[in-house]
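Quick notes on the structure that follows.
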Amino acid sequence: MIYLNNAATSYPKPLSVVEAVKAALTQPPVSSLRSNVSAQDDVLTQLRQSLGRLFHIADWERIFFCSSATDALNRLLGGRSWKECEYDAGSHNSVLRPLANHVLVSDDADCGIVICNHCSNVTGEIADVQQACRKAHDEGKLFLLDVAQSAGCIPVDVDGWDVDLLAFTGHKSLLGPMGTGGYYVRRGIDLRPTQFGGTGRDSSTITYADSDWEYEVGTQNMPGLAGLKAGVDYVLRRGVENIFQQEQQLTQWLIKALQNLPKVQLYIPSTLHSQGPVVSFNIDGLRPSDVGYILQNSYDITVRTGLHCSPLIHRKLGTEPYGTIRVSLSDFTTQQDLQALVDAVHEIAHSF
């Protein structure tokens, strides 16, 4: 099988990730603040430090873990009322649906927020984060960066860009298991938690004072987070800049190859230099779902078809209601994989 659906969930995982999950399940369970475990051996502390190096967050203790980027975004957006919420057309439903259903927007609130999607999961376009963050701060708003698609494959510089809030997932380019993710809250920003429960830190406190919140409650997914640590450490050893360069070269090769095929319509940024490892296209006269079915069942190539949980950008691209065929790469994708895809697309377009 040729797997080209890494923007949904990356595959394969490094062997170190599999071994870390297995070790966490076969050894006596430990949990931060609930077991006699030293800080040196605490997986959560080590993972925070590794993510701090990867994302350039000096205050790595302000990184908190949850189940996904969706979970993180709901917590960040739901942590206070906002005077205004600004987002771009490439925003995922993990931003759009919280804003539409449970996030409080009020003229009485004292602050607005700008939510920026670092890399589109449809076109692969990479945002100019530094410029967007500066503009948000000039307008007196907080800046939230969604790195679900970029974490692990595109350099992220939280401190250098002056990002206030960050949401990430573990199961994509960070190469960790499903059910892992987290968020960063800059020190001094007061967000009320959306969940309350046991933490092991101060069991006598029931009611919190403002700004004294605890953001990690309940029992964490320790096997998953152990696997995520192994994935993040793989990215750090490999070098995110090296991963980005390799994937960008392969992505540019794929785009040029598809551009040479008749009946193929590409949906990409205006410049290849702002392109992440995601390419969307359609074949004239065929629905994306039909092409995906043929690729899977006739060529054993896995892609993703549809709206990719980002409805606004398809309205902008004119690809409603059926969406696009999406190809997404990982650090393990080869040019041979992409050549097989191009050959298959050529045969499909020619046959119909």
Next item on the list: Run the numbers on Leu77 and Leu99 for side-chain contact (heavy atoms from CB on, under 4.5 Å), then give the verdict.
Entry: CA-CA 8 Å; Leu77 292 171; Leu99 292 179; 4.1 Å; yes
Write out all pairs satisfying salt bridge (Lys or Arg N to Asp or Glu O under 4.0 Å) with one or both partners inside [range], taking only residues at least two apart or from two chains.
| range | result |
| --- | --- |
| residues 11-26 | none |
| residues 79-94 | Arg80-Asp110, Glu84-Lys141, Glu86-Lys141 |
| residues 290-316 | Arg315-Glu320 |

Next item on the list: Under the side-chain contact (heavy atoms from CB on, under 4.5 Å) rule, what do Ile57 and Arg62 come out as? Steps first, then yes or no, please.
Entry: CA-CA 9 Å; Ile57 299 174; Arg62 298 292 294 176; 5.8 Å; no
Is it the case that one hydrophobic cluster holds both [X] and [Y], taking links as side-chain heavy atoms less than 4.5 Å apart, direct or via other members?
| X | Y | value |
| --- | --- | --- |
| Val279 | Leu250 | yes |
| Val17 | Val240 | no |
| Tyr322 | Ile325 | no |
| Val278 | Leu329 | no |

Taking the side chain as C-beta and beyond, is there a heavy-atom pair between [X] and [Y] under 4.5 Å?
| X | Y | result |
| --- | --- | --- |
| Phe143 | His137 | yes |
| Ile268 | Thr123 | no |
| Ile189 | Leu191 | yes |
| Leu341 | Ile2 | no |
| Val156 | Trp161 | yes |
| Leu145 | Leu165 | no |
| Asn117 | Val147 | no |
| Val264 | Asn282 | no |

Next item on the list: Can you sort out the partners of Tyr11 under ring pair (Phe, Tyr, Trp, His ring centres under 6.0 Å), two or more places apart, ordered by chain and number?
Entry: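 Expected list: Tyr3.
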Next item on the list: Can you sort out the partners of His92 under ring pair (Phe, Tyr, Trp, His ring centres under 6.0 Å), two or more places apart, ordered by chain and number?
Entry: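 If we apply the ring pair (Phe, Tyr, Trp, His ring centres under 6.0 Å) test to His92, skipping adjacent residues, there are no hits.
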Hey, is the main chain of [Y] close enough, under 3.5 Å, to the side chain of [X] for a donor-acceptor pair?
| X | Y | result |
| --- | --- | --- |
| Asp164 | Leu144 | no |
| Ser173 | Gly152 | no |
| Asp162 | Val158 | no |
| Asp159 | Ala58 | yes |
| Ser94 | Thr70 | no |
| Thr324 | Arg326 | no |
| Lys172 | Thr9 | no |

For a quick test of reading the model, state the closest non-hydrogen atom pair linking [X] to [Y] and the distance between them.
| X | Y | result |
| --- | --- | --- |
| Ser289 | Thr305 | CA-OG1, 3.7 Å |
| Trp82 | Leu76 | CZ2-O, 3.8 Å |
| Glu247 | Pro277 | OE1-CG, 3.2 Å |
| Asp71 | Cys66 | OD2-CB, 3.2 Å |
| Val114 | Ala136 | CG2-CB, 3.7 Å |
| Leu312 | Ala89 | CB-O, 3.4 Å |

Notebook entry, point to check: Which other residues belong to the hydrophobic cluster containing Tyr267, where Ile, Leu, Val, Met, Phe, Trp and Tyr are joined when side-chain heavy atoms lie under 4.5 Å apart, directly or via other members?
Noted result: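 Via sub-4.5 Å side-chain contacts, Tyr267 links to Val122, Ile313, Leu317.
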Notebook entry, point to check: Which residues, ordered by chain and number, are linked to Leu104 in its hydrophobic cluster, where ILVMFWY side chains connect at heavy-atom gaps below 4.5 Å, directly or through other members?
Noted result: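 Members alongside Leu104: none; it stands by itself.
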Nearest 0.5 Å please: distance from the [atom1] atom of [X] over to the [atom2] atom of [Y].
| X | Y | atom1 | atom2 | answer |
| --- | --- | --- | --- | --- |
| Arg48 | Asp42 | CZ | CG | 7.5 Å |
| Ile113 | Cys111 | CD1 | SG | 7.5 Å |
| Asn121 | Cys309 | CG | SG | 7.5 Å |
| Gln246 | Thr333 | CD | OG1 | 8.5 Å |
| Cys153 | Arg238 | SG | CZ | 12.0 Å |
| Leu295 | Ile301 | CG | CD1 | 5.5 Å |

Between [Y] and [X], do the side chains contain a donor N or O and an acceptor N or O under 3.5 Å apart?
| X | Y | result |
| --- | --- | --- |
| Asp337 | Thr334 | yes |
| Gln339 | Asp343 | yes |
| Gln149 | Ser120 | no |

Item checked: Whether over 12 other heavy atoms sit under 6.0 Å from Arg287 CZ ->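 No, not enclosed.
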Next item on the list: Might you work through the side-chain contact (heavy atoms from CB on, under 4.5 Å) test for Leu236 and Arg53, ending with a clear yes or no?
Entry: CA-CA 8 Å; Leu236 287 170; Arg53 291 195 297 273; 3.9 Å; yes
Next item on the list: In plain terms, say whether Arg186 and Glu61 are close enough for a salt bridge, that is, a side-chain N and a carboxylate O under 4.0 Å apart.
Entry: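 No, Arg186 and Glu61 are not salt-bridged.
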Next item on the list: For the pair Phe352 and Ile283, evaluate side-chain contact (heavy atoms from CB on, under 4.5 Å) and give the outcome as yes or no after the intermediate values.
Entry: CA-CA 10 Å; Phe352 287 90; Ile283 298 176; over 6 Å; no
Margin query: Once side-chain hydrogen bond (donor to acceptor under 3.5 Å, both in side chains) is applied, what residue pairs with a partner in residues 98-107 remain, sequence neighbours excluded?
Written below: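 Matches after skipping sequence neighbours: Asn74-His102.
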Identify each donor-acceptor pair in which a side-chain atom of residues 222-234 lies under 3.5 Å from a protein atom, sequence neighbours left out, and give them as a table.
from, atom 1, to, atom 2, distance (Å)
Lys229, NZ, Asp233, OD2, 2.6
Asp233, OD1, Ser50, OG, 2.9
Tyr234, OH, Asp331, OD2, 2.6

Check: According to the ring-ring contact (aromatic ring centres under 6.0 Å, His included) rule, which pairs have a member within residues 289-311, sequence neighbours left out?
Finding: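 Listed by first then second residue: His308-His314.
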Can you give each donor-acceptor pair under 3.5 Å made by side-chain atoms of residues 124-133, sequence neighbours left out, with the distance rounded to 0.1 Å?
from, atom 1, to, atom 2, distance (Å)
Asp128, OD1, Gln131, N, 3.3

Do any side-chain atoms of residues 175-185 form donor-acceptor pairs under 3.5 angstrom with protein atoms, and if so which ones, sequence neighbours left out?
from, atom 1, to, atom 2, distance (Å)
Thr180, OG1, Pro177, O, 2.8
Tyr183, OH, Tyr215, O, 3.3

